[in-house]
Amino acid sequence: MPHRSDPSTGFNPERSRDPVVQAPPRGEEATVEALFGSPVPETRPALALVAASLRGKVAIVTGASRGIGRAIALEFAASGVHVAFNYLDTGPESRLQANGVAAELQELDVKVFSRACDVRRPEHVEAFVKEAVGHMGGLHFLVNNAGIGRDRALWRMTDEEWTAVLETNLAGAFYFIRAAAPFLRAQEWGKIVNVASVHGVRGDFGLSNYISSKAGLIGLTRSAALELGPRNVNVNAVAPGYIRTTQLTEQVPAEILDRARDRSVLGRLGDPQDVAHVVLFLCSEGARHITGAVIPIDGGYLL
Ligand code: NDP
């Protein structure tokens, strides 16, 4: 299938493949060249084009009133991407936080659309996506980030704790993908990124609901990649390790965080921006040949 250009910029990375004139090799480069020769023509660095491929696009980020979602929304806006986001609205503090993020985004000179919308309510999700697309004038990226944890040993876990986590982390992402798919399929271009977790890949104590939801989200990512790929829509997941957000600092005991830091080969916890950078890369044309992948962002926690 021939590669399709990005609809809004006309950017086609194939064009950045022109060979360039080479400077004569020196030192280490000369040694490498002597060993391997130069069978593949050198390519022009395409990083600027990768960044340009984001500008002017429209993203929906779920659960962006704080934490990782907020970092993703801000990183998009800093790259010139218009941002629509939702949040749950658990009270005045949650509204205040959402309004604060909307104001931060507006300061970056992009269009912003924010609404309370419970990802567990399919009819609300459908309405949110339609309204966001109408307001923003299109849709290119969907980031399913909204998520919760309700940790407890499985023999003590209540039905409510099980259902709330599965409904938010897994069904919520499904509802958003289903609602966004008609727009992305029709324009034959789009990127979806699901925020899974290292706990969708490995087991741990007290997380049976969370781990089931994130493992399910990884399965959903692969299925959606298969079904939407023929219409040029890439679907990937990121699997963060422990990331310093309010959820983490408030809910996870210090000794578990210490253990996570020790287990990570880089010896640190992640920051929300560590996740945001990878999400933006997956939405850029630099990642046009990646789909159905699960990218750990965990400092080596899973090794
Ligand atoms: P936060 O608790 O900081 O933020 C969660 C966001 O999701 C908030 O905006 C919240 O809105 C929103 N949200 C929660 N439930 C719903 C719902 N039913 N409908 C709509 N919005 C909802 O979470 P994090 O930033 O820590 O986590 C973000 C994602 O990253 C989650 O999917 C999480 O599982 C994943 N993750 C996090 C890790 C970490 O260490 N922090 C590690 C690995 C994965 P409101 O403010 O109104 O409640």
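Counting convention: from 1, in listed order, for ligands and their atoms alike. Quick caveat, the model's predicted, so the values are computed rather than measured.
At the top of the distance list for atom 24 (P) of ligand 1, counting protein heavy atoms only, stands T245 OG1, 4.0 Å. For atom 29 (C) of ligand 1, the nearest non-hydrogen atom of the protein is N145 O, 3.1 Å. Looking at atom 45 (P) of ligand 1, its nearest protein heavy atom turns out to be R66 NH2, 3.6 Å. The closest protein non-hydrogen atom to atom 5 (C) of ligand 1 is G147 O, 4.0 Å. Protein heavy atom closest to atom 23 (O) of ligand 1, with residue, atom name and distance, is Q247 OE1, 3.5 Å. In this structure, atom 43 (C) of ligand 1 lies nearest to the protein heavy atom P240 O, 3.4 Å. Annotation: atom 12 (C) of ligand 1 to nearest protein heavy atom, G63 CA, 3.6 Å. Summary of contacts: the protein heavy atom closest to atom 9 (O) of ligand 1 is S65 OG, 2.7 Å.
When each of V83, L54, L282 is tested with F141 by the rule side-chain contact (heavy atoms from CB on, under 4.5 Å), just one qualifies, namely L54.
Ligand-side atoms of ligand 1 in range of N86: 20 (C), range being under 4.0 angstrom from any heavy atom. For ligand 1, the atoms closer than 4.0 angstrom to any heavy atom of C117 are 19 (N), 20 (C). Of all the atoms in ligand 1, the ones that sit under 4.0 Å from a non-hydrogen atom of S197 are 43 (C), 44 (C). Residue contact check: R120 has heavy atoms under 4.0 Å from atoms 18 (N) of ligand 1. Proximity to D118 (heavy-atom distance under 4.0 Å) selects the following atoms of ligand 1: 17 (C), 18 (N), 19 (N). With ligand atoms numbered from 1 in the order given, ligand 1 contributes 33 (C), 34 (O), 35 (C), 36 (N), 43 (C), 44 (C) to contacts under 4.0 Å with heavy atoms of Y210. Listed by atom number, the atoms of ligand 1 under 4.0 Å from D89 heavy atoms are 47 (O). The atoms of ligand 1 that sit less than 4.0 Å from any heavy atom of A146 are 7 (O), 21 (N), 22 (C), 32 (O).
Considering L217, V101, I243, I148 only, the shortest heavy-atom separation from atom 39 (C) of ligand 1 involves I243. When L88, V119, V61 are checked for heavy-atom proximity to atom 11 (O) of ligand 1, L88 turns out nearest. Distances from atom 44 (C) of ligand 1 to the heavy atoms of A196, A239, A260 put A196 nearest.
For the ring pair (Phe, Tyr, Trp, His ring centres under 6.0 Å) condition, the pairs that include at least one residue of residues 229-284, sequence neighbours left out, are H199-Y242, Y242-Y301.
The residues R70 and E104 are annotated as salt-bridged, a charged nitrogen and a carboxylate oxygen being separated by less than 4.0 angstrom. Classification of D258 and R261 as a salt-bridged pair holds, one side-chain N sitting under 4.0 Å from a carboxylate O.
Here the straight-line distance linking atom OG of S213 with atom CD of E167 works out to 11.0 Å at 0.5 Å rounding. Put simply, CG on L303 and CZ on R263 are 9.0 Å apart, with the number rounded to the nearest 0.5 Å. With values rounded to the nearest 0.5 angstrom, I243 atom CD1 is found 7.0 Å from I297 atom CD1. Here CG of L139 is found 4.5 Å from CD1 of I60. Values are rounded to the nearest 0.5 Å. Between the CG atom in D159 and the CG atom in N209 there is a gap of 11.5 Å [rounded to 0.5 Å].
Inclusion of Y242 in the set of residues having an N or O under 3.5 Å from an N or O of ligand 1 is not warranted. Where the criterion is an N or O separation shorter than 3.5 Å, residue side chain and backbone included, I68 meets it with respect to ligand 1.
Between L88 and R120, the shortest heavy-atom contact is CD1-NH2, 4.0 Å.
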* Applying side chain to side chain contact (heavy atoms under 4.5 Å, CB included), run through F113 and R115 and close with a yes or a no. => CA-CA 7 Å; F113 176 87; R115 291 276 186 284; 3.4 Å; yes
* To do: In sequence, state the C-alpha distance, the side-chain angles, and the governing distance for N194 and T221, and then conclude on side-chain hydrogen bond (donor to acceptor under 3.5 Å, both in side chains).
  => CA-CA 7 Å; N194 296 321; T221 302; 3.0 Å; yes
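Of all the heavy atoms of S94, the ones lying under 4.0 Å from any atom of ligand 1 belong exclusively to the side chain.
When only modelled atom types and interatomic distance are considered, N234 and T291 share no side-chain donor-acceptor pair under 3.5 Å.
Note on ligand 1: R244 sits outside its first shell, no heavy atom being nearer than 4.0 Å. Distances shorter than 4.0 angstrom occur between a heavy atom of G241 and an atom of ligand 1. The shell of residues lying under 4.0 angstrom from ligand 1, judged by heavy atoms, excludes N169.
Checked by atom type and distance alone, the side chain of S264 never pairs as donor or acceptor with a backbone atom of A260 at under 3.5 Å.
For D151, the side-chain contact (heavy atoms from CB on, under 4.5 Å) partners at least two apart in sequence or on another chain are L207.
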